[in-house]
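First up is the structure itself, then whatever we jot down about it.
Numbered from 1 within each chain, the chains take letters A, B, ... in sequence-line order.
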Amino acid sequence: MCNYKLMNKFLKEFKDRGFFYQCTNEEELSSLMDKEKIKAYIGFDCTAESLHVGSLLQIMCLRLLQKNGHRPIVLLGGGTTRIGDPSGKDKTRKILNEEEIEKNIKNIKNILKKFLDNDNPETKPIFVNNYTWLKNLNYISFLRDIGKHFTINRMLTFDSVKLRLDREQSLSYMEFNYMILQAYDFLELSKKENCVLQIGGSDQWGNIVNGVELIKRYSNKQSYGLTTPLITLATGAKMGKSENGAIWLDEKFLSAYDYWQFWRNTDDRDVVKFLKNFTDIEIEDIKKVENNNINDLKILLANKTTSMLHGNEAAKNSEQAAKEAFSGNSLGSSLPSVKVNSQNIDNKLDIIDLIILSKLEKSKSEIRRLIKGNAVKINDKVVSDEKLIIENEFFNENYLKLSIGKKRHIKIELD
RNA sequence: GGAGGGGUUCCAGAGCGGUCAAAUGGGGCGGGCUGUAAACCCGUUGACUUCGGUCUUCGAAAGUUCGAAUCUUUCCCCCUCCA
């Protein structure tokens with residue numbers, strides 16, 4: 001532990017914001033970062049087409065690096081995604097094919113660009129794909145040069161491995177090698193980019209330490225690892241994993257309005273923590289407002305997080321739409337909308353089909369259940385007849401408001 | 001290669017010939033209370049339905065039976081021990 005007051009500015013804020021979990025050598029890292037601007041990397045898995053809020057803390061770390069003049073390297077795991085990280089997974093991941101991974105990489109890169117400053121030449125992110133070096137590895141020489149630095153004895157002690165074995169779940173040799181490849185990534189970045197720091201989630205600790213040690217042994221250079229805690233909700237659930245779908249960062253999968261809603265619905269106990277974790281508001285400023293009305297804080301949180309990703313405009317619209325949708329008697333003209341061909345109305349479209357068209361639900365049985373439970377509303381009036389035919393009169397100025405439950409609202413527009 | 005254990009609905013996990021669309025818990029969804037919070041209470045949780053039912057599901061296929069998640073055979077996969 002080094003003296004908090006003397007600590008490097010980046011590290012200090014890193015801690016103040018609750019990003020800190022473990023560090024391989026805090027004191028040295030602190031003085032190194034005081035002395036020079038460094039390059040640090042975070043790896044992103046490309047298993048999914050988009051990132052979700054589970055990766056947001058890592059993204060905030062990248063932003064914090066930039067804020068302090070350091071340069072982030074974003075490693076997209078095009079190679080390692082082909083293997084699958086066993087950490088934190090109790091089952092073997094499904095293996096994706098080449099095109100899927102390439103597509104995912106492109107998407108994820110675009111999302112990250114939204115969060116990062118791409119203009120400042122000193123700090124703009126360096127994007128790398130580890131497939132570029134992993135694909136050409138020669139097995140024999142890799143084993144000789146890199147493999148010799150790893151002992152099975154030690155690898156077996158890592159949580160990612162141990163957990164699987166303890167739980168009697170299979171761990172393939174392929175996955176077993178994941179940590180070596182990740183260590184190799186760090187070595188590669190150390191050589192190529194002079195990267196000295198890897199940041200990752202706490203579940204990456206083992207992989208990161210391996211990298212630090214490999215670099216030490218291979219090129220006798222000092223590098224560092226820094227991990228962030230796993231963010232759990234006050235209820236104990238993992239962040240961003242709602243059953244109804246993860247909280248995606250890509251607008252294609254989750255509208256700005258729904259993203260805003262996600263933050264607006266934060267548990268009371270998490271609000272201040274999230275303001276620190278997921279907004280740029282200075283710590284001192286958060287302290288000033290942290291006793292304000294809890295719902296105002298939630299709106300603040302929602303606005304900041306949404307504008308960071310989708311822009312100010314989108315955040316304002318979402319706030320406006322929410323106001324209208326929840327105040328009751330307004331028709332929510334700024335809600336996200338779905339267009340419906342007016343011919344459908346003439347053809348006696350019923351409520352069930354309307355909901356299917358709106359994509360709010362896809363199972364007719366489920367919709368029937370919802371109607372029975374008084375969950376479906378048109379223009380704030382409960383629909384109790386599952387055979388209700390949608391009439392032209394329902395549309396005010398070309399649109400109607402369709403609601404499922406208290407929180408899902410959508411505008412149906414005539415086309 | 002040998003011996004044993006196992007694969008059940010979103011997850012965990014019961015069922016071991018009909019009463020099984022499958023206990024229980026978790027999660028999800030909806031309703032109530034509230035603050036678009038938490039906690040709590042209630043309902044619901046395969047699909048389709050003219051609400052009478054109909055269809056598809058218990059690793060895969062074939063079989064026994066009036067009837068199978070449950071029995072038999074083969075195959076696939078996982079785990080443990082032995083070689």
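- Contact annotation: side chain of A:K387 to base of B:U50, donor-acceptor pair absent below 3.5 Å.
- A 3.5 Å limit on both hydrogen-bonding distances identifies B:G63 as the Watson-Crick or G-U partner of B:C71.
- A salt bridge links A:K67 with A:E282: the distance from a Lys NZ or Arg NE/NH1/NH2 to an Asp or Glu carboxylate oxygen falls below 4.0 Å.
- At a cut-off of 3.5 Å, with distance as the only test, no side-chain donor of A:D185 or A:Q182 sits close to an acceptor on the other residue.
- For the residue pair A:R154 / A:N210, no side-chain donor-acceptor distance below 3.5 Å is found, with atom types taken as modelled.
- Residue A:I404 is the one, among A:Q261 and A:I404, whose nearest nucleotide of RNA chain B lies closer to the 5' end (criterion: closest heavy atom).
- A straight line from CG of A:L233 to C1' of B:G27 spans 13 Å, rounded to a whole angstrom.
- Donor-acceptor pairing under 3.5 Å is recorded for the side chains of A:S255 and A:D258.
- Computed from coordinates, the A:W263 CH2 to B:G35 C1' distance equals 20 Å when rounded to whole Å.
- The separation between A:K407 atom NZ and B:G32 atom C1' is 14 Å, rounded to whole Å.
- Across all strands, A:K364 comes closer than 4.0 Å only to sugar-phosphate atoms, never to a base (heavy-atom distances).
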Show the distances under 3.5 angstrom between N or O atoms of the protein and N or O atoms of nucleotides 39-44 of chain B.
none

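- Here B:U36 presents its C1' atom at 14 Å from CG of A:D380, a figure rounded to the nearest Å.
- You'll find a donor-acceptor pair under 3.5 Å spanning the side chain of A:D268 and the base of B:G35, going by distance alone.
- With both pairing distances under 3.5 Å, B:C16 is matched to nothing as a Watson-Crick or G-U wobble pair.
- Taking a pair to require two hydrogen-bonding distances under 3.5 Å in either a Watson-Crick or a G-U wobble arrangement, B:C81 pairs with B:G2.
- Applying the 90° criterion around 0 to the glycosidic angle, B:G13 comes out anti.
- On the C1' atoms, B:G46 is 8 Å away from B:U9, given to the nearest whole Å.
- Under 3.5 Å, the side chains of A:Q198 and A:Y41 contain a donor-acceptor pair of N or O atoms.
- Residues that satisfy the salt bridge (Lys or Arg N to Asp or Glu O under 4.0 Å) test with A:K304, not counting sequence neighbours, are absent from this structure.
- Ranking B:U50, B:C48, B:C29 by closeness to the A:R408 side chain, first place goes to B:C29.
- Each of A:E386 and A:A322 was matched to the nucleotide of RNA chain B holding its nearest heavy atom; the match closer to the 5' end belongs to A:A322.
- Between the side chains of A:N303 and A:W263, not a single donor N or O lies within less than 3.5 Å of an accepting N or O.
- Partners of A:E391 according to the salt bridge (Lys or Arg N to Asp or Glu O under 4.0 Å) rule, which considers only residues two or more places apart in sequence or in another chain, do not exist here.
- Between the C1' atom of B:U34 and the CZ atom of A:R264 lies a distance of 13 Å, rounded to the nearest Å.
- In this structure A:K192 satisfies the salt bridge (Lys or Arg N to Asp or Glu O under 4.0 Å) test together with A:E188, sequence neighbours excluded.
- For the P atoms, the distance linking B:C11 with B:G27 amounts to 16 Å, nearest Å.
- Comparing B:U34, B:A47, B:A37 by their nearest atom to the side chain of A:S365 picks out B:A47.
- By the neighbour-count criterion of 12 heavy atoms within 6.0 Å, atom NZ of A:K287 is sparsely surrounded, having that number or fewer from other residues, nucleotides or ligands.
- With B:U36, B:G30, B:U50 as the candidates, the nucleotide lying closest to the side chain of A:L370 is B:G30.
- As rounded to the nearest Å, B:A69 and B:U57 have C1' atoms that lie 10 Å from one another.
- Nucleotide B:G28 holds its P atom 13 Å from the CZ atom of A:F262, rounded to whole Å.
- Between the CD1 atom of A:I367 and the C1' atom of B:C51 there is a distance of 17 Å, given to the nearest Å.
- Base pairing analysis places B:G43 opposite B:C29; the two distances defining the Watson-Crick or G-U wobble pair are each below 3.5 Å.
- Within residues 290-301 of chain A, the residues approaching RNA chain B are A:I294, A:N295, A:K298, by heavy-atom distance under 4.0 Å.
- Taking A:N398 as the reference, nothing meets the side chain to side chain donor-acceptor pair (under 3.5 Å) condition, with sequence neighbours excluded.
- Counting non-hydrogen atoms under 4.0 angstrom, A:W260 reaches a base of the nucleic acid.
- Residue A:S363 places its side chain closer to B:A47 than to any other of B:U50, B:A47, B:U36.
- Across B:G35, B:U49, B:G31, the shortest atom-to-atom separation from the side chain of A:R368 is found for B:U49.
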